[in-house]
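Taking it in order: structure first as structure tokens, then the write-up.
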Amino acid sequence: MEPDVMSTKMLDKGYDPKAVEQRWYEFWEREGHFAAADADGRPPFSIVIPPPNVTGVLHMGHALNNTMQDILCRYRRLKGDNVLWMPGTDHAGIATQNVVERQLAANGQDRHQLGREKFIEAVWQWREQSGSAIINQLKRLGASCDWQRERFTMDEGLSRAVRTVFVRLYEEGLIYRGMYITNWCPRCRTALSDLEVEHEELDGHLYQIRYPFARGKGGVVVATTRPETMLGDTAVAVHPDDERYADLPAESVILPLMEIEIPIIRDAYVDRAFGTGALKVTPAHDPNDFEIGQRHKLPSNKVIEDDGTMGAAAGQFQGLDRFACRKAVVEALQEKGLLLSMQPHKHGVGHCYRCKNVVEPNLSRQWFVKVKPLAEPAIRAVESGATRIIPDTWAKTYYDWMYNIKDWCISRQIWWGHQIPAWTCGACENLVVAMAAPAQCPACGAAELTQETDVLDTWFSSALWPFSTMGWPDQTPLLKTFYPTSVLVTGFDILFFWVARMMMMGIHFMGEVPFRDVYVHALVRDEEGKKMSKSKGNVIDPLDVIDTYGTDAFRYTLAAFAAQGRDVRLSEKRVEGYRHFINKLWNAARFALMHLDRGYDRIDPAALLSLPDRWILARLDRMTRQVAEALDDYKFNEAAGAAYQFVWHEFCDWYLEAAKPALYDEGAPAAREAARQVLWTVLRDTLVVLHPFAPFVTEEIWDKLPGTSGSIMQATFPLAEGPPPDGEALNPAETEMALIVALVTAIRNIRGEMNISPAAKLHVTVQSPEPATRAAIDRDRAIIVNLARLEALAVTEPGERSPTSATAIVADTELLVELKGVIDFAQEAQRLEKELGKLNKELSAINKKLNNDSFLDKAPEAVVAEVREKQVLLSEKQDKLSATHARVVGFRGEG
RNA sequence: AGGCACGUAGCUCAGGGGGAGAGCGCUACCCUGACACGGUAGAAGUCCGCGGUUCAAAUCCGCGCGUGCCUACCA
């Protein structure tokens with residue numbers, strides 16, 4: 001054949017991702033293939049992106065998360081859905097503020113010098129410059145988001161949603177303000193929610209300190225890991241039933257170093273078994289002590305300031321850093337002989353999740369959301385199945401947290417974020433919560449109102465993301481079409497931070513759950529299973545991987561390794577493997593294009609399809625169903641695996657090889673045309689099925705394939721209607737092809753085992769008692785001759801055998817490969833002995849079963865029949881092989 | 001302290017009551033008219049250990065060992 005009379009669009013020898021990726025991405029975007037319709041007749045499918053931080057750069061977690069979302073979105077588009085993938089970024093209050101503060105620091109400035117307004121301006125400026133970096137990186141991943149609708153949590157629309165929610169919750173009594181102990185980061189100088197504190201086991205010390213009685217001799221010994229807080233002690237507590245403290249010389253002690261008198265109180269919170277059973281109480285610096293203080297109406301004495309240094313209340317220690325103060329306090333106690341012991345002690349220490357500094361429990365005025373009333377419906381929604389959490393093992397984690405949920409501290413003492421819409425009257429101190437600044441105080445009419453300086457926790461605005469991005473509080477067509485969203489794809493690390501809160505807010509404000517499904521995926525780790533982190537130096541940059549191997553190979557790797565509930569261990573080696581796969585697909589297409597000069601609407605029913613033709617169409621149908629079913633269940637690895645197996649090991653390994661004779665045979669134009677039709681159909685459908693996983697290479701081939709038009713994104717997923725035509729059972733073409741494959745493999749096996757040159761053309765006889773089997777082999781003889789490289793193939797009934805042939809048994813068929821002049825018989829004898837050994841082992845296991853009466857009694861009939869059948873088959877095979885072995889041994893001399 | 005995963009070939013992992021699987025690596029042979037980023041064949045596993053349920057356990061249950069993670073008001 002002359003290639004130039006065929007397709008004019010010959011492919012290069014290898015696939016080069018760099019040459020095509022950007023071009024196709026721009027094409028898709030320009031042609032509007034990512035755009036959702038506000039409303040139309042198609043079934044809606046929607047996903048809101050977990051908004052990356054504006055400060056962020058794309059890491060492996062993003063890559064996995066967004067690849068999965070993109071696979072789902074592209075798949076649903078091919079199935080004909082109206083798909084909305086809503087993109088956007090998060091303003092990430094503390095993280096972003098830190099970034100800009102660091103920039104200022106580099107110029108010797110801090111935000112206070114700049115002032116609030118100027119500082120916020122600087123943050124916006126920073127966002128203008130670098131805020132879209134991560135968006136561009138998502139595009140390189142191939143993410144098919146509807147970019148026209150991109151949102152930012154600080155946009156005017158989303159800010160309005162935030163204010164609306166705040167005002168309504170306040171009016172409903174679900175938001176309150178008060179003096180409480182919160183986790184305080186002295187570095188970021190803001191309160192944090194419980195979730196924003198990371199606990200880490202650290203080696204510290206447990207100090208035992210004597211507090212002398214105010215009157216009489218002796219004293220009470222307390223234990224603490226944070227001696228510096230003693231300066232703020234306002235009581236010592238013991239258990240009410242503790243006999244050791246039933247009869248004390250005094251009801252108060254002198255607080256050492258401060259030399260003030262503080263009471264001894266009795267509270268059941270105290271654990272009698274710990275230390276001496278006496279607890280120092282610091283209401284201003286410990287959450288439990290705070291509660292004890294409330295119960296006993298103790299005063300609070302705040303000794304650590306918001307910047308982490310000791311304040312005026314710390315007396316002689318004023319001005320010291322909290323850790324320096326700890327040392328100083330210990331030394332001072334030692335001098336006075338009041339430090340009784342200091343023992344190594346492991347304890348969990350809270351760290352700020354943004355800056356990693358040690359968090360200080362601190363008393364301050366904060367805003368809170370009363371969460372219990374919101375959590376209850378959110379729990380019920382999962383219990384009832386209104387929202388499914390997948391895999392469901394995460395539902396348990398969700399419940400655990402939701403049942404034990406505590407009020408949510410939402411105020412942050414930073415500048416970058418949504419300023420709390422609350423105003424205080426300068427005249428009467430009245431607090432007003434409203435959508436906009438009131439002109440005058442509704443209580444006293446004064447006009448001096450000042451707005452609360454705190455901003456809201458970033459997660460407060462992200463909790464509204466599924467509906468605020470769609471235009472809420474307005475009732476938009478978008479909301480009507482796409483809320484509730486179809487699925488949320490996210491990592492388990494933000495299940496509480498984000499998912500749980502979206503559930504609560506979505507149900508409360510929309511009256512309906514925000515998502516039908518929540519698919520929770522695992523983490524991407526390095527190849528040793530360690531979390532990737534900059535400090536460990538084991539980070540693999542997704543963009544480097546894309547540059548080296550191409551986006552499609554990278555995406556395929558992620559999909560193939562994303563088994564539910566299991567971390568993805570990534571190494572470049574694995575990506576390389578999938579690059580080979582992409583290249584394999586490319587070359588299969590290259591081959592196909594050499595044989596195709598036009599497209600075909602559908603397989604011509606009148607066409608005379610060969611066995612390989614009918615077989616590959618059946619396999620294609622099966623694979624397509626497997627992929628669809630797996631994706632419907634979020635089993636990305638199974639979907640990727642099924643397609644991989646099909647393309648490489650069925651389409652390339654067997655179909656293309658088996659179809660070659662027909663494709664090259666100019667003497668039989670009808671058969672050739674039939675083969676071309678099938679080749680075209682299978683390639684086209686395969687491209688569509690693969691497109692969600694490997695969008696770029698499939699679009700590139702689609703473009704070159706005759707008979708296709710437009711983008712592959714407009715194609716239809718080739719899922720046949722109705723149940724599989726043959727159910728689980730193999731159809732006749734599959735059964736027949738399995739026989740041919742087995743025969744060819746058996747011949748190749750003999751070739752390999754006997755060290756027969758690949759070039760040698762063999763004489764083979766197959767003998768079968770079954771007329772149908774013989775007929776089939778006869779029919780397909782050309783395939784066997786071609787694939788097994790035979791000189792001649794004889795098909796007969798069982799009978800005469802050449803004494804000098806190697807034998808293999810395939811089902812009821814015996815295969816004889818003539819070895820005369822090709823090989824020495826000692827080797828063949830050895831090979832047969834080895835195979836007989838294997839066979840005997842298998843047979844004895846089966847015989848053991850069949851000799852077991854309980855097995856025959858209790859096992860299902862079908863199972864017993866199956867084992868019996870197998871026993872017959874194997875013993876026949878054994879007989880034949882033994883006979884052959886005897887012959888080979890006997891004729892050894894003739895080789 | 002509680003909870004949740006996981007332990008299968010040299011490596012990374014699928015599978016999951018009745019014949020031990022894949023990819024990579026390894027060995028041998030092969031540049032056969034798409035592909036050496038390839039082809040053909042092969043070697044390789046006490047399915048962590050011990051008990052139990054069952055006719056039958058890698059698979060279900062219990063205990064143990066190991067690993068990872070999450071939660072917690074552990075002075």
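Reckoned from all heavy atoms, side chains included, excluding hydrogens, waters and symmetry mates. Note on naming: letters A, B, ... go to the chains in the order of the sequence lines (proteins, then strands), and numbering restarts at 1 for each one.
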With a cut-off of 6.0 Å (strictly less than), are more than 12 heavy atoms of other residues, nucleotides or ligands near CZ of A:Arg295?
yes
Write down the distance separating the [atom1] atoms in [N] and [M], rounded off to the nearest Å.
| N | M | atom1 | value |
| --- | --- | --- | --- |
| B:rG39 | B:rC31 | C1' | 10 Å |
| B:rU46 | B:rU27 | C1' | 25 Å |
| B:rU67 | B:rC30 | C1' | 44 Å |
| B:rC6 | B:rG16 | C1' | 15 Å |
| B:rU40 | B:rC47 | P | 30 Å |
| B:rG25 | B:rC11 | C1' | 7 Å |
| B:rU12 | B:rC48 | P | 15 Å |
| B:rU59 | B:rG17 | P | 10 Å |

Base, sugar-phosphate, or nothing: which does [X] touch, judged by heavy atoms less than 4.0 Å apart?
| X | answer |
| --- | --- |
| A:Lys870 | base |
| A:Gly641 | nothing |
| A:Val867 | nothing |
| A:Lys849 | sugar-phosphate |
| A:His285 | nothing |
| A:Lys848 | nothing |
| A:Gln208 | nothing |
| A:Thr397 | nothing |
| A:Asp271 | base |
| A:Asn852 | sugar-phosphate |
| A:Ala278 | base |

Applying salt bridge (Lys or Arg N to Asp or Glu O under 4.0 Å) to A:Glu228 and A:Arg326, what does each step give before you reach the verdict?
CA-CA 5 Å; A:Glu228 69 280 10; A:Arg326 177 175 300 174; 2.9 Å; yes
By nearest-nucleotide position on RNA chain B, the 5'-leaning member of A:Gly14 and A:Thr393 is A:Thr393
Nearest-nucleotide check on RNA chain B, A:Tyr15 vs A:Tyr644; residue mapping nearer the 5' end is A:Tyr644
Are the aromatic ring centres of [X] and [Y] under 6.0 angstrom apart?
| X | Y | result |
| --- | --- | --- |
| A:Tyr664 | A:His595 | yes |
| A:Tyr398 | A:Trp394 | no |
| A:Tyr549 | A:Tyr578 | no |

query = How are the rings of A:Tyr353 and A:Phe497 set relative to one another: parallel (under 30°), tilted (30 to 60°) or perpendicular (over 60°)?
reply = parallel
Ordered by number, residues from residues 575-584 of chain A within less than 4.0 Å of RNA chain B (heavy atoms) are A:Arg579, A:His580, A:Asn583, A:Lys584
Under 4.0 Å between a side-chain N or O of A:Asn749 and OP1 or OP2 of B:rG42?
-> yes
| request: Kindly confirm or rule out a cation-pi arrangement of A:Lys584 over A:Phe651, judged by NZ or CZ under 6.0 Å from the six-membered ring centre and within 45° of its axis? | output: no
Between CD of A:Gln343 and P of B:rA75 the distance, given in whole Å, is 14 Å
Item to complete: Using a strict cut-off of less than 4.0 Å between a Lys/Arg side-chain nitrogen and an Asp/Glu carboxylate oxygen, indicate whether A:Lys870 and A:Glu866 qualify as a salt bridge.
Response: no
